[in-house]
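What follows is a single structure, written as structure tokens, with notes after it.
Position 1 is the first residue of the sequence; numbering continues from there.
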Amino acid sequence: AVTLPEPEEVDADRFMPSSRSIAFRREVFEKAERYPEWLDIGEDMYLNHRLRELPIRMDFAPEAIAYWRPRPNVSETWRQYFRYAEGDAVAGMYPERHAVRFATYGLLAWALARRNRALLALLGAGATTLVGRRARRLFGLLHDPSDRARAMLSLPGHIALADLAKMAGYLSGLSRRSARERR
């Protein structure tokens, strides 16, 4: 509920499926240059970008069911998001998304260091909006009040954990990309 959007939240024109939720003809797969062997994670997103560049029809099927297993503990969750972002950097994908994350946390650190209440209030409003959207998903799935309370208390921590893992992973991936380009 924290990570995955509900079907009605998905913009079908911008949706990027993963390998567990995609089907295509072999000739399209070949035209898109297959999964890149040089990329050990994020290869499905890399292929999606190649598919989007082709003059093909892509249909979104919101009724399809695809399973994605969230990791069962903090260290595995960290590793999962770290690796996703690392693959993004190696492949040169989503630099704007990662830049926004770095800028946001950088601004937060700066605002805390300067005790800038106006900027902290602005960042707090943005965080409240982000957490609120995810909290609504949780409320739709959880009906027991104590489950809802525990989920709400852990939600900001989960978001921060994923964000910090993504930032560390992206930096690692940039280093790997640089080393790969020097070869």
Side-chain angles (χ1 to χ4, degrees), residues 1-71 75-108 126-127 129-131 133-134 136-137 158-183:
V2 172
T3 307
L4 300 176
E6 293 297 320
E8 61 274 3
E9 296 175 311
V10 175
D11 178 351
D13 293 328
R14 296 179 61 216
F15 177 69
M16 296 293 251
S18 73
S19 290
R20 69 189 152 269
S21 62
I22 191 170
F24 41 75
R25 296 183 188 278
R26 182 167 192 88
E27 60 268 15
V28 170
F29 182 63
E30 298 293 338
K31 281 182 188 174
E33 301 176 17
R34 306 168 153 238
Y35 290 109
E37 293 185 23
W38 53 267
L39 187 58
D40 59 347
I41 193 159
E43 70 287 347
D44 52 352
M45 288 295 113
Y46 189 86
L47 177 67
N48 285 339
H49 287 285
R50 302 300 71 79
L51 290 169
R52 288 274 184 205
E53 294 167 0
L54 296 175
I56 60 172
R57 189 184 91 222
M58 294 180 75
D59 294 323
F60 176 59
E63 68 282 355
I65 297 172
Y67 293 97
W68 181 79
R69 183 180 62 89
R71 301 310 186 252
S75 64
E76 287 185 40
T77 299
W78 174 275
R79 179 173 158 70
Q80 179 180 26
Y81 287 108
F82 180 98
R83 296 278 292 140
Y84 286 166
E86 188 176 42
D88 287 353
V90 169
M93 296 185 296
Y94 309 114
E96 300 86 4
R97 179 184 301 176
H98 292 285
V100 166
R101 186 176 295 113
F102 278 102
T104 301
Y105 280 89
L107 274 173
L108 175 61
T129 300
L130 175 70
V131 171
R133 188 174 340 139
R134 294 176 181 183
R136 281 189 296 280
R137 279 190 218 135
H158 180 85
I159 293 169
L161 171 80
D163 283 346
L164 294 173
K166 290 173 190 176
M167 291 181 348
Y170 198 75
L171 292 174
S172 174
L174 288 175
S175 175
R176 286 183 55 202
R177 180 182 178 145
S178 177
R180 183 175 174 270
E181 289 173 349
R182 285 193 301 266
R183 283 188 239 140

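- Ser178 pairs in a side-chain hydrogen bond (donor to acceptor under 3.5 Å, both in side chains) with only one of the listed residues (Arg176, Glu181, Arg182), which is Arg182.
- Between Glu30 and Arg34 there is a salt bridge, since a side-chain N of the basic residue sits under 4.0 Å from a carboxylate O of the acidic one.
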Residues Glu37, Glu43; criterion side-chain contact (heavy atoms from CB on, under 4.5 Å); working and verdict
CA-CA 8 Å; Glu37 293 185 23; Glu43 70 287 347; over 6 Å; no
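- Between Arg177 atom CZ and Asp88 atom CG the span is 11.0 Å, to the nearest 0.5 Å.
- With respect to the salt-bridge test (charged N to carboxylate O, under 4.0 angstrom), the residues Asp40 and Arg83 qualify.
- In terms of heavy-atom proximity, Leu54 sits nearest to Lys31 at CD1-CB, 3.9 Å.
- Within 6.0 Å of CD on Glu27 lie more than 12 heavy atoms contributed by other residues, nucleotides or ligands.
- Here the shortest heavy-atom pairing between Gly173 and Ala89 reads C-CB, 3.5 Å.
- Cation-pi geometry between Arg97 and Tyr94 is met: the NZ or CZ atom falls under 6.0 Å from the ring centre, inside 45° of the normal.
- Within 6.0 Å of CZ in Arg79 there are 12 or fewer heavy atoms belonging to other residues, nucleotides or ligands.
- Between Tyr35 and Phe29, the distance separating the two ring centers is shorter than 6.0 angstrom.
- Residue Glu86 holds its CD atom at 9.0 Å from OG of Ser175, rounded to the nearest 0.5 Å.
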Go through the steps for Asp163 and Tyr105 under the test side-chain hydrogen bond (donor to acceptor under 3.5 Å, both in side chains), then give the verdict.
CA-CA 9 Å; Asp163 283 346; Tyr105 280 89; 2.7 Å; yes
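- Contact between Phe102 and Met167 at its shortest, heavy atoms only, is CZ-O, 3.4 Å.
- In this structure, the separation between CG on Asp59 and CZ on Arg57 is 4.0 Å, given to the nearest 0.5 Å.
- Between Arg52 and Met16, some side-chain heavy-atom pair lies under the 4.5 Å cut-off.
- Counting heavy atoms of neighbouring residues, nucleotides and ligands inside a 6.0 Å radius, atom CD of Glu76 exceeds 12 of them.
- Considering every non-hydrogen atom in both Ala32 and Leu51, the closest pair reads CB-CD2, 3.6 Å.
- Relative to the six-membered ring of Tyr46, Arg50 meets both conditions, a distance below 6.0 Å and an angle of at most 45° to the axis.
- Smallest separation of non-hydrogen atoms from Pro95 and Tyr170: CA-OH, 3.5 Å.
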Please step through side-chain contact (heavy atoms from CB on, under 4.5 Å) for the pair Leu164 and Trp78, ending with a clear verdict.
CA-CA 8 Å; Leu164 294 173; Trp78 174 275; 3.9 Å; yes
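- With Thr104 contributing its side chain and Val100 its backbone, the two residues share a donor-acceptor pair below 3.5 Å.
- Between the side chains of Arg101 and His98, at least one donor N or O sits under 3.5 Å from an acceptor N or O.
- Atoms CG and CE, on Leu39 and Met45 in that order, are 11.5 Å from each other to the nearest 0.5 Å.
- Rounding to the nearest 0.5 Å gives a distance of 4.5 Å between CD1 of Ile159 and CG of Leu130.
- Interatomic distance, CZ of Phe82 versus CG of Leu161, reported as 12.5 Å (0.5 Å rounding).
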Could you walk me through whether Phe24 and Leu47 pass the side-chain contact (heavy atoms from CB on, under 4.5 Å) check?
CA-CA 11 Å; Phe24 41 75; Leu47 177 67; 4.0 Å; yes
Decide side-chain contact (heavy atoms from CB on, under 4.5 Å) for Met58 and Ile56; before the verdict, give the C-alpha distance in whole Å, the side-chain angles of both, and the deciding distance to 0.1 Å.
CA-CA 6 Å; Met58 294 180 75; Ile56 60 172; 4.2 Å; yes
